[in-house]
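Just the heavy atoms: all of them, side chains too, but no hydrogens, waters or symmetry mates, feed the values below. Throughout, numbering of the chain's residues begins at 1 and tracks the sequence.
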Amino acid sequence: MSANITAVAYLIASVLFILALRGLSSPVTARRGNIFGITGMIIAVLITVIDPSVVSYAWILVAVVIGGAIGTVVALKIEMSAMPQLVAAFHSLVGLAAVLVAGAAMHNPGAYGIADAAGNIFTASRIEMTLGSAIGAITFSGSIVAFAKLQGLVSGNPVVFPGQHILNLIIGLAIIGLIAYFVGNQSPEVFWLLTGVAFLIGFLIIIPIGGADMPVVISMLNSYSGWAAAGIGFTLQNSALIITGALVGSSGAILSYIMCKAMNRSFFSVILGGFGGDAVAGQKSSGDKPVKPGSADDAAFIMRNAGSVIIVPGYGMAVAQAQHAVREMADLLQSEGVRVRYAVHPVAGRMPGHMNVLLAEANVPYDDVQELEEINSDFASTDVAFVIGANDVTNPAAHDPSSPIAGMPILDVDRAQTCLFVKRSLAPGYAGIDNELFYADNTMMLFSDAKKMVENIVKALA
């Protein structure tokens, strides 16, 4: 197979990847976007495997079988509620792959065609592999910390200590110095020292980021993994990997900016320690504030007699897998003349688009699902806001300048005539902030598993 055919095939794959991103920008075209992406990846993998330069298929076959088996099990077993931590885990693998490829190229540059006859690695390749390894190492260790926080293996609270930013600055400058030194003398010891220091900084820049900032962290690590892949693409002289890495890196950076804007946060402040506070910082104790508990029958009666209902899904809906029951409840309400819409916060569910995917899975009409900017002003004229497992994104504490989530745009469900809040308990959300909405005069708490409560409401409506 000629180099020209390979180049054309990689170009076709790259175009399909671009079309995939375009398709994934809307729920209406998301399925088509996935098909484009899958097709592009199949083309890229096949062209790479059948390249004449491949001398042995044994290890490739072993890797494909092991990776395919793991991917299949994950796809079949993983719950939608665990999708954020799964994404973080996958980012770590991309970063580790970049480190391993860079290390292999450094120890045997001749096999990669990046060295002269004397074994001296070309200057450009030294820069590319050190950048790829450094970014990959940061992505790996940072993603591991993000995974541990999202999975609940460690506390989601920020971990801070005196002099943290100064230490990060020193390590960052050390990485730049080590890259410059390696480019000058091609020392294997310096390369691995650089990689080790990059692993350390990846850990240090994520531990001070609070749980409420996790959506930004996920998209940021997505961007890092893309740039690491692009850097290694130059080392491997693989145009498809360069283009794909650049697409992932740039789209991840744009998504990070969008998330920060949605949360009214400075991107750099998040990366340098952000907000999120510990579980008690900046919040007022709920003490013995009274709440108004209600039942499924109460909720059914209130919504049946309402003119309009806005459903606000959150992480609790994902955990309980209640999206299908919610759709059934909405259908029953609409059959009785109630106007039903869904309000989705950009960061609901700890990952951008999490709620949209769940609602699409339940075949909720796309036109009924609206973003914060589109629907927020409608809560004041809405009879009922039905909140199912969304906590931080509905917390009025965001209006308090002393709160750790101060300034974060929220869904103004407290402005509805009645707020029905489905939650297991009065425990705070992932940001660790007590939700003042629980104690509001117009709030009725529905203490239960989300799916069980909605199913009981459906029975009452029917």
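Sorted by first and then second residue, the ring-ring contact (aromatic ring centres under 6.0 Å, His included) pairs with a member in residues 11-44 form an empty list; sequence neighbours excluded. For residues 169-191, the pairs satisfying ring-ring contact (aromatic ring centres under 6.0 Å, His included) are Phe182-Phe191, with sequence neighbours left out. The stretch residues 318-327 participates, sequence neighbours left out, in these salt bridge (Lys or Arg N to Asp or Glu O under 4.0 Å) pairs: Arg327-Asp331. Within the structure, side-chain hydrogen bond (donor to acceptor under 3.5 Å, both in side chains) pairs that include any residue of residues 191-208 comprise His107-Trp192, Ser133-Thr195 (at least two apart or interchain). Listed by first then second residue, pairs satisfying salt bridge (Lys or Arg N to Asp or Glu O under 4.0 Å) with a partner in residues 448-462 read Arg424-Asp449, not counting sequence neighbours. Within the structure, ring-ring contact (aromatic ring centres under 6.0 Å, His included) contacts touching residues 129-152 (residues at least two apart or in different chains) are Phe140-Phe199.
Separation of atoms CE (Met220) and CG (Leu255) is listed at 12.0 Å; rounding is to 0.5 Å. How far CG of Leu446 is from CD1 of Ile457: 5.5 Å, rounded to the nearest 0.5 Å. In this structure, CD1 in Ile42 is found 12.5 Å from CD1 in Ile47, a value given to the nearest 0.5 Å. The CD1 atom of Ile311 lies 13.5 Å from the CE atom of Met355; values are rounded to the nearest 0.5 Å. Taking CG of Leu411 as the reference point, atom CG of Leu437 lies at 11.0 Å (rounded to 0.5 Å). Here the CZ atom belonging to Phe122 is positioned 11.0 Å from the CE atom belonging to Met129, to the nearest 0.5 angstrom.
When all heavy atoms of Ala228 and Ala98 are compared, the pair lying nearest together is CB-CB, 3.9 Å. Minimum interatomic distance between Ser448 and Val422 (heavy atoms only, all atoms of both residues): O-CG1, 4.2 Å. Across all their heavy atoms, Gly316 and Ala450 have their closest contact at O-CB, 4.0 Å. Taking every heavy atom of both residues into account, Ile310 and Ala343 meet most closely at CG2-CB, 3.7 Å. Nearest approach of Ile207 to Leu204, heavy atoms of both residues: CG1-O, 3.7 Å. Minimum heavy-atom separation, Pro109 to Met106: CD-O, 3.6 Å.
In this structure, Gln323 and Pro313 have side chains that are not in contact, with every pair of non-hydrogen atoms separated by 4.5 Å or more. Considering only heavy atoms from C-beta on, Leu21 comes within 4.5 Å of Leu247 through its side chain. Within the 4.5 Å cutoff, the side chain of Leu24 has heavy atoms near those of the Asn34 side chain. At least one side-chain heavy atom of Leu236 sits under 4.5 Å from a side-chain heavy atom of Leu241. Proximity of Asn120 to Arg126: side-chain heavy atoms (C-beta onward) are separated by under 4.5 Å at one or more points. With a 4.5 Å cut-off on side-chain heavy atoms, Leu372 and Ile375 do not count as touching. Counting heavy atoms from C-beta on, the side chains of Asp392 and Tyr315 never come closer than 4.5 Å. Gln237 has its side chain within reach of Ile114: a pair of non-hydrogen atoms, C-beta onward, lies under 4.5 Å apart.
Taking the side chain to side chain contact (heavy atoms under 4.5 Å, CB included) definition, one finds that Ile127 meets it with Thr123, Leu131, Val183, sequence neighbours left out. With sequence neighbours excluded, no residue satisfies side-chain hydrogen bond (donor to acceptor under 3.5 Å, both in side chains) with Thr139. Listed by chain and number, the residues in a side chain to side chain contact (heavy atoms under 4.5 Å, CB included) with Asn356 are Val344, Val369, Glu371 (sequence neighbours excluded). Listed by chain and residue number, nothing satisfies the ring-ring contact (aromatic ring centres under 6.0 Å, His included) test with Tyr342 (two or more places apart in sequence, or in another chain). For Gln334, there are no side-chain hydrogen bond (donor to acceptor under 3.5 Å, both in side chains) partners two or more places apart in sequence or in a different chain. Residues satisfying the side-chain hydrogen bond (donor to acceptor under 3.5 Å, both in side chains) criterion with Asn395, sequence neighbours excluded, are absent altogether.
For Gln164 (side chain) and Ile205 (main-chain N/O), no donor-acceptor pair under 3.5 Å exists by modelled atom type. Ser223 places no side-chain N or O within 3.5 Å of a backbone atom of Gly252 that could act as its donor or acceptor partner. Although no hydrogens or angles enter the test, the distance criterion places no donor-acceptor pair under 3.5 Å between the side chain of Glu361 and the main chain of His324. Panel note: side chain Lys423, backbone Ala427; a donor-acceptor pair is recorded below 3.5 Å. No donor-acceptor pair closer than 3.5 Å links the side chain of Asn238 to the backbone N or O of Gly233. Judged purely by atom type and a 3.5 angstrom limit, Asn376 uses its side chain to pair as donor or acceptor with the backbone of Ile410. Formation of a donor-acceptor pair under 3.5 Å by the Ser125 side chain with backbone atoms of Ile121 is not found in this model.
Atom OH of Tyr112 has more than 12 heavy atoms from other residues, nucleotides or ligands within 6.0 Å. Under a cut-off of 6.0 angstrom, the local environment of CZ in Phe438 is crowded, with over 12 non-hydrogen atoms contributed by other residues, nucleotides or ligands.
Using a 3.5 Å distance cut-off with no hydrogens or angles, the side chains of Ser256 and Ser219 do pair a donor with an acceptor. A donor and an acceptor atom, one from each side chain of Tyr10 and Thr48, are located under 3.5 Å apart.
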Next on the checklist: I'd like to know whether Met41 forms a side chain to side chain contact (heavy atoms under 4.5 Å, CB included) with Leu16, so could you lay out the CA-CA distance, the side-chain angles of the two residues, the decisive distance to 0.1 Å, and finally the verdict.
Outcome noted: CA-CA 9 Å; Met41 185 57 67; Leu16 288 171; over 6 Å; no

Next on the checklist: Please evaluate residues Ile60 and Val64 with respect to the criterion side chain to side chain contact (heavy atoms under 4.5 Å, CB included), reporting the C-alpha separation (whole Å), side-chain torsions for both, the decisive distance (0.1 Å), and the verdict.
Outcome noted: CA-CA 6 Å; Ile60 294 177; Val64 169; 4.3 Å; yes

Item to check | Phe90/Val74 under side chain to side chain contact (heavy atoms under 4.5 Å, CB included): CA gap, chis, key distance, verdict | outcome: CA-CA 11 Å; Phe90 280 173; Val74 169; 4.1 Å; yes

Item to check | Val454 vs Ile388, side chain to side chain contact (heavy atoms under 4.5 Å, CB included): CA-CA, chis, key distance, verdict | outcome: CA-CA 9 Å; Val454 177; Ile388 176 167; 3.5 Å; yes

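Ile175 pairs in a side-chain contact (heavy atoms from CB on, under 4.5 Å) with only one of the listed residues (Leu194, Ile170, Thr130), which is Leu194.
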